Amino acid sequence: MSDAPTEVAVHRSGQPPGRLGFFTDTTVCIGCKSCEVACKQWNDLPADGYTFGKGRRSLDHTGSLSSSSWRHVHFVEIAAPHEPDREAARAALGAGAGGQLPNIPATGALAAVREDVDLLAMADGAALPEAEIDRWLFDSDVCKHCTNAGCLDACPTGALIRTEFETVIVQPDICNGCGYCVPSCPFGVIDRDPYDGRAAKCTLCYDRLQDGLEPACAKACPTDSIQFGPYEELVERAKGRVTELHARGLETAYLYGAGDEGADQLAGGLGAFFLLTEPPERFGLPAQADSPIQANMPAATAAGLAAGVTAAAAAVVSLVFAHRRARR
Amino acid sequence: MSEHNRPEAFDRLRRLPVVGRAADWGLGPHAVSKRTREAGTRIAGLDVTESVCPYCAVGCGQVVYTRGGELVNIEGNPRSPINQGTLCPKGSASRQLIQQPGRLTTVLYRRPHGTEWEELELEQAVDMIAERVIAAREAGWQDTDERGWRVDRTLGFCSLGGATIDNEENYLIKKGFTALGAVQIENQARI
Amino acid sequence: MAEAHPVGFRWVMKARECGAVIVNVDPHYARTSAVSDIHVPIRAGSDIAFLGGLIRYIIATGSYFREYVVNYTNAATIINEDFRDTEDLHGYFSGFDPETGTYDRDSWRYEGERSAAQAGEREHSTQAFSDRTGAGMETEDMRSDPTLEHPRCVFQILKRHYERYTPEMVERVCGIPPELFRKVADTLIANSGRERTTMLTYAVGWTQHSTGVQTIRAGAIVQLLLGNIGRPGGGIMAMRGHATIQGSSDIPTLYDLLPGYLPMPRAREGHLSLEDYCTTGGSKRGWWSHFDIYAISLLKAWFGDAATVENDYGFASLPKISGNHSQFPTMLRMLDGGIDGMFVLGQNPAVGTMHAGLMRRALAKLKWLVVRDLADIETSRFWKDSPEVLSGELRTEEIETEVFLMPCAGHVEKEGSFTNTQRLVQWRDKALEPPGDSRSELHFFYHLIRRIKAHYAGSTEPRDWPIRNLAWDYPVHGPHQEPSAEAVLKEINGFEIASGRPVNSFADLRNDGSTACGCWIYAGVYGDGVNQARRREPGNVTDPEGGDVSPEWGWAWPSNRRILYNRASADPQGRPWSERKKYIWWDEEQGQWTGYDVPDFPREKRPDYVAPHDASGMDAISGSDPFIMMTDGRAWLYSPTGLLDGPLPTHYEPIESPVKNALYPDVGANPAAITWKRGENPLNPMESGAYPVIVSTFRLTEHHTTGPMSRNLPWLAELQPELYAEIDPMLAADRGIEDGGWMVIATERGEVEARAMVTRRVGPLRIDGQFVHQISVPWHWGTYTTSEQGVTGDSMNDLIVLSGDPNTSIEDKTFSCQVRAGRRDGESTQELASVRDADIDASADHDAEVPDKVFHTPQSGHQPPPESR
Amino acid sequence: MSHGHGPPPEQKIRERGEGVIDGRDTTPAVGRRGEPGGWRRAVEGARVRGFKPRFEDGRWSFLYRADSTRYAAAPSVDGEVAAAARRMRGDPHVPVPVKGPVIRPNVWTWEVPLYFWFGGIATGAAFAALGCQAAGDERSARVARMVAIGAVGPGGPLLILDLGRPERFLHMFRILKTRSPMSMGAWCLMAFSNTGAAAVAADLLRWRRCAKGLTVATAALGTYLGSYTGVLLASTAVPVWNRSRRFLPPIFICTASASGAAVTRLALAATGTPSEHPTRSGLAALESVAMTGELVLSAINEHRLGIAGRALEEGRPGRLLAAARALTATGLVLRAVGRRGGATVDHLPSVMFLAAALAYRFGWVGAGRTSALDHEAVATLARRP
C-alpha cells in the first residue's frame with residue numbers, strides 16, 4: 001500500500017474539488033453511439049471512420065478509440081449455448097435437395113447444390129432458431145483516467161498532467177508528439193493524430209468541469225449508461241448495482257476498475273470504470289493492467305545501468321588488456 | 001482515495017529517501033500550461049436559445065449557443081422533461097446539420113435540358129415560380145370530374161413534404177394551396 | 001425503439017429498472033431486443049396473426065378485464081344479422097366485390113344503426129377523425145347484451161373470428177415457438193388489470209403493410225380487452241419518425257384532410273352544401289355534433305370577412321376530392337405527363353418513395369420542380385446523376401424539367417412549433433439568421449402566395465374566389481420581410497373575430513361566424529393570448545401530485561391533455577381502478593372530474609348520468625362512456641365503419657410473400673389492398689419460387705430517413721458508412737455470401753448491392769418444420785452526398801413495388817426478393833425500362849378522374865371464394 | 001503511417017466552405033484534430049447560461065434515483081463486489097474470444113530505430129574512449145571521442161524528425177521527469193552531447209586533464225544513453241517489450257558497445273592506425289564479447305518469453321532479427337577464424353556487427369507493432385502479470 005498520487009498539477013483557489021469520474025453501466029446501454037457524437041460535437045473532433053466493420057459482425061464501424069474518437073461503443077454478439085440436435089436439423093432440412101439444402105420455401109431446386117458446405121452441420125450448430133443470438137452487449141469505452149496512468153508517467157514534456165479532478169489530460173499546447181504515451185497505455189486509449197501530430201484523448205471534458213457542466217457524453221447518454229459524478233459516490237452506487245444484479249440472478253456482473261482490493265486493482269483504480277457482465281476480453285479490455293512504467297521502469301533501469309557499467313568496464317578491461325599484452 | 005495500490009517495485013522506489021522524492025519530479029504544478037490554467041467552457045457568457053431537435057418525433061429540447069452570427073454549440077436542454085439534457089447521435093450532431101458541408105446559400109436553377117446548375121437571384125426565382133404555379137393551375141383546372149360532379153380543383157401541380165417543417169408553415173401551405181384549388185398535397189405522414 | 005427513438009427509450013429503461021418487463025417483437029434482433037427481457041423473432045408481415053393469437057389467448061383463458069370490456073367497449077353491441085365473418089367466407093367479410101376489389105360495408109353495421117352518409121361518400125375513406133369514429137352513424141336504436149352471450153354481439157363475433165389463431169397456428173404463421181408465445185401472452189395478462197397496465201408501442205413496422213391499419217386495430221383490441229387504454233402506463237403509442245409528423249397530420253399537408261382531421265370535401269352528385277358536408281362529417285350525438293362549429297370557424301380563418309352565412313362561408317368553392325390523390329397515384333399521373341409542377345419541401349422522394357426509380361422517371365416528366373432543402377439532394381439533381389441517367393435510360397439533355405433548388409432555413413434559423421409524437425406542441429426560438437438566400441418555408445409561402453394573390457386580384461372568375469378572398473395578412477418583420485410565426489399560430493389557435501382575442505379552447509368557438517379557427521384541436525395553444533407552446537417549466541417530474549406529466553411544459557392538444565380518454569382510468573362509478581394507477585377520478589365534493597391531468601370528459605358530467613334515448617349532442621354520451629369522440633361513447637373492438645378492409649383485423653399475407661396463408665389459403669393477401677397494376681410496377685411472380693427470401697427494411701439510430709440529414713454529416717456518416725444487409729449464416733453459406741463481402745438483392749423492380757453482415761441477429765425461422773429465411777436491410781442510403789466525408793449507397797426503395805393498405809395507401813415494410821453473392825451488374829434500370837416499353841398500355845387505368853376503387857386490385861392468382869361471387 | 005500527408009480531409013472541406021455571409025458564419029463544422037475544442041470562455045469570468053452550476057442538472061436528471069427505481073436496491077454484502085471481479089478477471093486463462101485491439105501499436109517510423117543505432121554507436125564509442133584512455137592510448141581515445149560525438153550528432157535531428165510536432169522539440173526540456181525514460185533519455189542525450197563535445201573541444205585545446213575527466217563523464221552518461229532505449233521500450237504495455245524488461249536494456253548495451261567499438265575500430269583504421277595496433281585488437285575483442293553477450297542474452301530472453309515471443313519470429317521484424325542473428329554469428333566466426341585475412345576480413349566482421357546492430361534495432365521496434373496487434377497474446381499475458 002502506498003499513499004494517493006501526489007501528481008496533481010492544477011491547484012485553484014478554494015477547496016480541492018475531489019475526484020470526478022465516469023461509471024459506465026453496460027447493462028443499461030442501448031448502443032446508440034450518442035456518446036461518440038456528443039463527444040465529437042463538443043470537442044470539435046473530425047470524423048475518422050468510414051470503414052465498414054468487416055468481420056466484426058455488428059454495428060461497430062468505429063473500431064477502437066483513436067485520436068479523434070474519444071468514445072467508442074463496442075458491440076459484442078454472443079450466441080446462445082446450444083444443445084446439438086442433429087435429428088431436428090435433419091428433419092428441418094430434409095425436404096430440401098438430398099437433405100443438403102435448406103428448403104427455402106418455393107425454391108426447391110433453385111439454390112445450387114453446394115457440396116462444400118455442410119448445411120446440416122450449420123443448421124445443427126449455428127443457424128437454428130434455438131441458436132439465435134443470446135445476448136448483444138454494448139459498452140461505451142473511454143479513457144480510464146487511471147490512478148497509475150501509463151501515459152502520464154511516460155510523457156516527457158509534461159503535456160500530460162493530472163488535474164485537480166484527478167483526471168488525466170493532454171495539454172494540447174505542450175504536446176510535441178513524441179508518441180511515447182501511445183504504447184505506454186495498457187488500454188490502448190491514447191493515440192497520436194496522423195495529420196496533426198499531437199496525442200489526444202478524452203479530457204473528461206476538463207473545460208466543462210471548470211464551469212460545473214457534466215461531460216458531453218454523460219450528459220447526452222439517453223439511458224444514463226454513462227454516469228458522471230464524484231468518484232466515491234459513483235463507486236458506492238456501482239457496488240449497489242452489482243449487488244442488485246446478483247440478486248436478480250445476473251451472477252456475472254462485476255465492476256471493471258473499481259471496488260477491488262490490493263493488487264487486484266486495475267492501474268490503482270480507474271477513474272472511469274465499468275460494469276460488465278462478460279470477461280473483459282470481450283470488450284478488448286485487459287484482465288489486469290497497470291502503468292507499465294511503474295511496473296517495469298525500476299527493474300529495467302537497474303538492469304540497464306548495471307549492464308552499462310559492466311560494458312564500460314569491459315571496454316576498459318579489453319583495451320587495457322590488449323595494450324598490456326602488446327607491451328609484453 | 002482509500003488503499004491505493006502501486007506496482008511493488010515502484011512503490012519501493014518511491015519510499016527510498018531522496019530518490020523516492022525524485023520519482024515524482026516533473027509532475028505537479030510546474031507542468032501546467034497557460035491554456036490549462038485559463039480553461040473554461042467556450043460557451044460561458046454566450047447567448048442561449050431554446051429549441052427542439054429536428055430529427056424524430058420524440059421532441060427533445062435543445063439549447064443553442066451563438067456568438068453573433070456563429071453557431072457555437074447545440075446540446076440537449078437540461079430542463080426538458082422529455083429528454084432531460086440527453087440527445088441521440090442525430091440530435092447530438094445537429095450543429096453539423098446547420099453547418100453542414102455543402103450547405104446551400106443561394107438558389108440553384110437548372111434550365112430545361114440544362115446540364116449544370118446555375119445561380120439565380122432569390123426574388124427572381126420566387127417570381128418565376130409564381131408564374132409557373134399560375135400557369136399550371138390554369139392548365140390543370142377542372143370544374144367537374146368525368147361523372148359531371150363538381151370538383152373545382154386543379155391537378156396541374158402537386159406538393160410533397162412537411163413533416164420536418166413547422167406547423168405554421170404547413171398551415172400556410174395547406175391554406176394557400178387549397179385556395180388555389182390544389183388537392184395533391186401530401187407529406188411523409190403517409191409515405 | 002432503442003434503435004430509432006433512443007431518447008424515448010430512456011423512459012423504457014427507467015421503467016425496466018422499476019420492474020417493468022420489456023417484450024420486443026421484431027423480425028431481426030435489434031438494439032431494442034438487446035435490452036429487452038423477451039425478444040420474439042417474428043416473420044415480417046405476420047403481426048396480425050400474432051396479435052390475433054393474443055386476442056384468442058386472452059379470451060380463451062378468460063383473462064380479459066371484464067368490467068372494462070363490458071362498460072367501455074362495444075363488446076356487448078349486437079351486429080346486423082347480414083354480417084358474415086372471414087371464418088364463414090374463407091377469408092372474406094360479407095360485401096366483397098371481386099370486380100373492384102372493394103367492400104360494400106353495409107352489412108357490417110350495428111343492428112339498428114342507420115347511416116347518414118350518401119352513396120359515393122362511403123366508397124372512399126379519409127384519415128379524418130370523423131371517418132374513423134362513426135360520424136354520420138345514427139346509433140340511438142342499436143342494441144346490446146351486457147352478458148356478452150348473444151351470438152351476434154361483438155364479443156362472440158370476436159371470439160369466433162380468432163378461434164383458429166391458436167399458439168400452434170401462430171407458430172405456423174409467424175415462426176414463433178408456442179412456449180415463447182405463451183410466455184409473452186402470460187406476461188401481458190399478468191401486467192394488466194386494475195393494479196397494473198401494459199403499454200404497446202409501435203412504429204412503421206406495424207403501419208407500413210397492406211394490413212397496416214388493421215394491425216394497429218389488433219393492438220388496440222388487445223389493449224382494450226386487457227383494459228389498458230386511457231390509463232397511466234397503458235395505451236398504444238405510435239413512435240413517429242419526423243419532428244412534426246404529428247403536426248403535419250393535425251394541420252395536414254395531406255390530400256384527404258382539412259386541419260383538425262376534418263375531411264376534405266368529397267365530390268358528389270349535385271350541389272355539395274356546407275350543411276351536407278356537416279351532416280355527413282358530423283353527428284347528432286356525441287362530440288361530432290360540434291362539427292359545423294369547427295368547419296365554419298376554419299372557413300372564417302381562411303376567407304375572413306368574405307366568408308358569410310349567405311355564401312355558405314365560401315365552402316362551395318373549396319376543391320373537392322374524388323378519389324385517391326395520395327403520393328402514388330399522383331406520381332403515376334406525373335409519370336404519364338399529367339402534372340406540370342411539383343413542390344418538394346424537406347423531403348427526398350427520389351430515394352424515399354416506394355419504387356423510387358419510378359419516382360425519378362416521373363420527375364423527368366415534370367415541366368418544373370421546386371425543391372426546398374438545406375443542400376442538394378437526390379431529388380433535386382435526378383437529371384444529373386440518377387441511376388437512370390448513369391445507365392443511359394434518361395439523357396440529361398433530353399430532360400425538360402426546370403428545377404429550382406431553394407436553400408431553406410434550418411431548425412435554429414427560424415421560429416415555429418413542432419408537434420411531437422405525444423401531441424405535444426413545442427415552440428422553437430430563433431437563434432440565428434439563415435445564411436445567404438436561405439429562407440424559412442413561412443417566408444417562401446407567404447411571399448409566393450402574396451404574388452399569386454396579386455395576380456388574381458382583379459379576376460372575376462368564380463374559381464378565383466378563394467384565392468382572391470384568402471385572408472393572407474400576416475405581420476412581417478426584419479430586413480427579409482419574415483412573416484410572424486406567432487401570428488400564424490394565433491390564427492391556428494382561433495380568435496373572436498370582433499375583438500381579435502384568442503380563444504382559450506374549442507369550447508369558445510361558435511357556428512355563427514363570430515369566431516375563426518385554423519385548426520380546432522389546437523384551440524388553446526394561444527390561450528390567454530400567451531404562446532402556450534413556449535412554456536418551459538418542467539415541474540416536479542418524479543411526483544404525480546407535483547405534475548409528473550409536466551403540464552407546464554409546452555402544450556398538448558387537445559386542451560393540454562396528456563393522456564387521451566383518461567376518463568377510462570376510473571371505473572364506471574368514477575373511482576380510480578386502483579390507488580396505484582390513479583389518474584383521473586370523480587370528486588363528489590366538488591362535483592367534477594379531477595386528477596393529475598386535464599380530464600378528457602365533460603368536467604361536470606356525473607359518472608351516473610345516463611343519456612336519454614332521444615338525447616343529442618354531448619348529452620347523448622353517458623357518464624360512464626369514456627370514449628367521447630366515438631358516436632356511441634365506446635371503444636370499438638369491432639369497427640362497423642371507417643375501415644375499408646374489414647371490421648376486424650384478419651391475417652393476410654403481404655402482397656409479395658413466399659409463404660402461403662395458413663389461415664386463409666384461398667385468399668393470400670388482403671383482398672382490399674391496393675396495387676397499381678402497370679408494366680413499370682411488376683409484382684414478383686410468387687409461384688415460380690424465384691423470390692424465396694423475405695426482406696424487411698428497418699431504420700438505424702445513426703441515420704435519418706433518406707439520409708440528407710445524416711449521410712451528409714461526417715459525424716453520422718462515419719458511424720454507418722455503407723448499406724448492408726443482415727443475413728443468416730445458413731442462407732449466406734448456401735449462396736456463398738461472405739461476411740463483409742458484397743451481395744445483391746433483386747426484385748422485379750431492380751437490384752441493389754449491399755455489404756453482407758452475416759449474423760444470427762436475423763435467424764431463419766422454422767415454419768411448418770421448414771426454414772424460412774429473412775434478410776433485414778436498413779434503407780437510409782442514396783446515390784448522392786454533398787461532400788467527400790458523406791456516404792452513399794444503393795436505395796432499398798428502388799426494390800419495392802407500389803402497393804398499399806386501402807386505408808392509408810402505403811406498404812413497404814416487407815416484400816420478397818432473391819439474393820446472390822457479388823456486385824450489381826452496372827446500373828439496374830435497363831431491364832425495368834424494357835419491361836415498361838413492352839407492357840405500357842396507352843389507355844392506362846390510372847387516370848385521376850377515375851375514383852380510387854379502380855386501384856383496389858386483389859392480388860393476382862387468388863380466386864375469390866364461390867360464396868362471394 | 002504516423003504522419004498523414006497533406007492537409008486532413010476535413011480541413012479541405014472546411015476551407016472550401018469557409019465564409020461569412022451577411023454576418024452569418026457558414027464555415028462547415030467538421031472538426032479539428034489533435035485537441036479538444038477551444039478551452040477559452042467566450043466571456044472571461046462569465047457563467048454558462050441555460051445550465052445550473054455545480055453539476056446540478058446532472059443530479060436532477062439522473063434516471064435511476066434510489067427513491068424511484070430499483071436500480072441498485074439490494075443491500076450490499078462485504079467483499080461481494082471484489083469477489084465478483086476476481087471471478088471474472090482472476091483466471092489465468094482467457095475464457096472467451098478476444099475482441100481486439102486491446103492496446104495500440106507504437107506510431108514510430110524509421111527515425112527511431114536509426115536513432116537507437118546511432119545512440120548505441122555513440123555509447124560504445126564513449127566506452128571505447130574510456131578504454132583507450134585507461135590503456136593510455138590518447139590518440140585512439142581522441143578518435144573514439146570524435147566518433148562518439150559524430151554518432152550522437154544525428155541523434156538529435158532524428159528524434160526531432162520523428163516528433164509529431166518537430167517545432168516543439170524544446171518542450172522536451174520543459175521539465176525533468178525522472179519516471180519518464182523518454183524525458184531522462186532526452187536530458188541524457190543532451191548531457192552526453194555536451195560532455196562529448198566538450199571532451200573533443202578539450203582535445204583540440206589540448207586540455208588533457210579536462211578531456212580525461214569529460215571522457216569519464218561521457219562514458220558514465222553512456223551507461224544510461226545506451227540502455228535507456230531498452231528501458232524505454234520495456235516500460236510500455238507492449239508484451240514483447242515489457243516481458244523483456246530485464247533483458248532488453250542489457251541487450252541494447254551489448255549491441256551499443258559492439259557497434260561503438262566497431263565504428264571506432266574502422267575509424268582508427270581509416271586514420272592510419274595499423275592493423276596490429278593493440279587498440280584495434282582490443283576493440284575487436286570487445287566487439288566479439290559484446291556480440292556474444294547479445295546472442296546469449298537474446299537466446300535466454302526468447303526462451304522465456306513464451307507467447308509474447310511470437311512477435312520476434314513473425315513478419316518483417318522476425319526476418320530482420322533472424323538476419324541480425326545470422327550476421328552476428330557469421331561475424332563472430334569470421335573474427336575467430338580470420339585473424340590474418342588481410343584488411344577485408346579484418347573489417348568485415350565490424351561491418352557485419354554494425355549491420356546486425358541496425359537490424360536488431362529495426363527488428364525490435366518493429367516487433368513491438370506486431371506484438372501490440374497480437375490481441376490474443378496481449379490479453380493472455382495480461383492475465384499473468
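All figures in this text were calculated on a predicted structure; none of them were measured in a lab. Lettering of chains follows the sequences in order, A, B, ..., and the numbering in each one begins at 1.
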Given that the side chain runs from C-beta out, which part of [X] has a heavy atom under 4.5 Å from chain D: side chain, backbone, both or neither?
| X | answer |
| --- | --- |
| Glu278(A) | both |
| Val317(A) | neither |
| Pro230(A) | side chain |
| Ala47(A) | backbone |
| Arg248(A) | side chain |
| Ala302(A) | neither |
| Thr252(A) | both |
| Ile169(A) | side chain |
| Ala199(A) | backbone |
| Thr310(A) | neither |
| Thr27(A) | neither |
| Ala154(A) | backbone |
| Gln210(A) | both |

Of all heavy-atom pairs between [X] and [Y], which one has the smallest distance, and what is that distance?
| X | Y | value |
| --- | --- | --- |
| Asp191(A) | Val107(D) | OD1-CG1, 4.3 Å |
| Ala322(A) | Ser281(D) | CB-OG, 4.1 Å |
| Cys185(A) | Ile103(D) | O-CG2, 3.8 Å |
| Thr236(D) | Pro183(A) | CB-O, 3.4 Å |
| Asp153(A) | Lys177(D) | O-CE, 3.7 Å |

Largest heavy-atom contact set with chain D, pairs under 4.5 Å, which of [options]:
| options | answer |
| --- | --- |
| Leu65(A), Asp48(A), Val76(A) | Leu65(A) |
| Val170(A), Leu255(A), Asp173(A), Asp290(A) | Asp173(A) |
| Phe228(A), Phe321(A), Trp42(A) | Phe228(A) |
| Leu20(A), Leu285(A), Leu209(A) | Leu209(A) |
| Ser67(A), Cys178(A), Cys181(A), Ala253(A) | Cys178(A) |

Inspect the contact between [Y] and [X] and indicate whether a charged nitrogen and a carboxylate oxygen are less than 4.0 angstrom apart.
| X | Y | result |
| --- | --- | --- |
| Arg165(D) | Asp196(A) | yes |
| Arg383(D) | Glu281(A) | yes |
| Glu7(A) | Arg179(D) | yes |
| Asp57(D) | Lys219(A) | no |
| Arg86(D) | Asp264(A) | yes |

Go through the atoms of [X] and report whether side chain, backbone, both or neither lie under 4.5 Å from a heavy atom of chain A.
| X | answer |
| --- | --- |
| Arg41(D) | side chain |
| Arg174(D) | side chain |
| Arg246(D) | both |
| Ser257(D) | side chain |
| His171(D) | both |
| Ala234(D) | both |
| Thr178(D) | backbone |
| Pro105(D) | backbone |
| Arg59(D) | side chain |
| Ala85(D) | both |
| Ala73(D) | both |
| Val98(D) | both |

By side chain to side chain donor-acceptor pair (under 3.5 Å), which residues pair with Asp91(D), not counting sequence neighbours?
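Per chain and number, Asp91(D) pairs via side chain to side chain donor-acceptor pair (under 3.5 Å) with no residue.
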Who pairs with Phe51(D) by ring pair (Phe, Tyr, Trp, His ring centres under 6.0 Å), at least two apart in sequence or on another chain?
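Checked Phe51(D) against ring pair (Phe, Tyr, Trp, His ring centres under 6.0 Å); zero matches.
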Between Asp25(A) and Tyr71(D), is there a side-chain donor-acceptor contact under 3.5 Å, judged purely by atom types and distance?
yes
Report yes or no: do Asn176(A) and Arg168(D) form a side-chain donor-acceptor pair below 3.5 Å?
no
Can you tell which of Val289(D), Leu286(D), Leu283(D) makes a side-chain contact (heavy atoms from CB on, under 4.5 Å) with Ser318(A)?
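Passing option: Leu286(D).
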Passes side-chain contact (heavy atoms from CB on, under 4.5 Å), Glu80(D) versus Val242(A)? Steps please.
CA-CA 9 Å; Glu80(D) 185 183 351; Val242(A) 170; 5.7 Å; no
Is there a donor-acceptor contact under 3.5 Å from the side chain of Asp193(A) to the main chain of Arg33(D)?
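No, Asp193(A) side chain to Arg33(D) backbone: no donor-acceptor pair under 3.5 Å.
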So, taking the atom named [atom1] in [X] and the one named [atom2] in [Y], what distance separates them when rounded to the nearest 0.5 Å?
| X | Y | atom1 | atom2 | value |
| --- | --- | --- | --- | --- |
| Glu214(A) | Ser61(D) | CD | OG | 5.5 Å |
| Leu163(D) | Arg198(A) | CG | CZ | 13.5 Å |
| Arg89(D) | Tyr256(A) | CZ | OH | 6.5 Å |

Top of Pro7(D), Ala135(D), Gly90(D), Ser235(D) for chain A proximity - count of heavy-atom pairs under 4.5 angstrom:
Ser235(D)
I need the residue from Gly38(D), Ser180(D), Ala379(D) with the largest number of non-hydrogen atom pairs under 4.5 Å to chain A.
Ser180(D)
Please step through side-chain contact (heavy atoms from CB on, under 4.5 Å) for the pair Tyr64(D) and Thr223(A), ending with a clear verdict.
CA-CA 9 Å; Tyr64(D) 309 115; Thr223(A) 56; 4.1 Å; yes
Return the orientation label for the Trp108(D) and Tyr180(A) ring planes: parallel under 30°, perpendicular over 60°, tilted otherwise.
parallel
Cation-pi check, Arg237(A) to Phe62(D): give yes when NZ or CZ is under 6.0 Å from the six-membered ring centre and within 45° of the ring axis, no otherwise.
yes
Assess whether side-chain contact (heavy atoms from CB on, under 4.5 Å) is satisfied between Tyr228(D) and Thr301(A), documenting all intermediate values.
CA-CA 7 Å; Tyr228(D) 98 85; Thr301(A) 309; over 6 Å; no
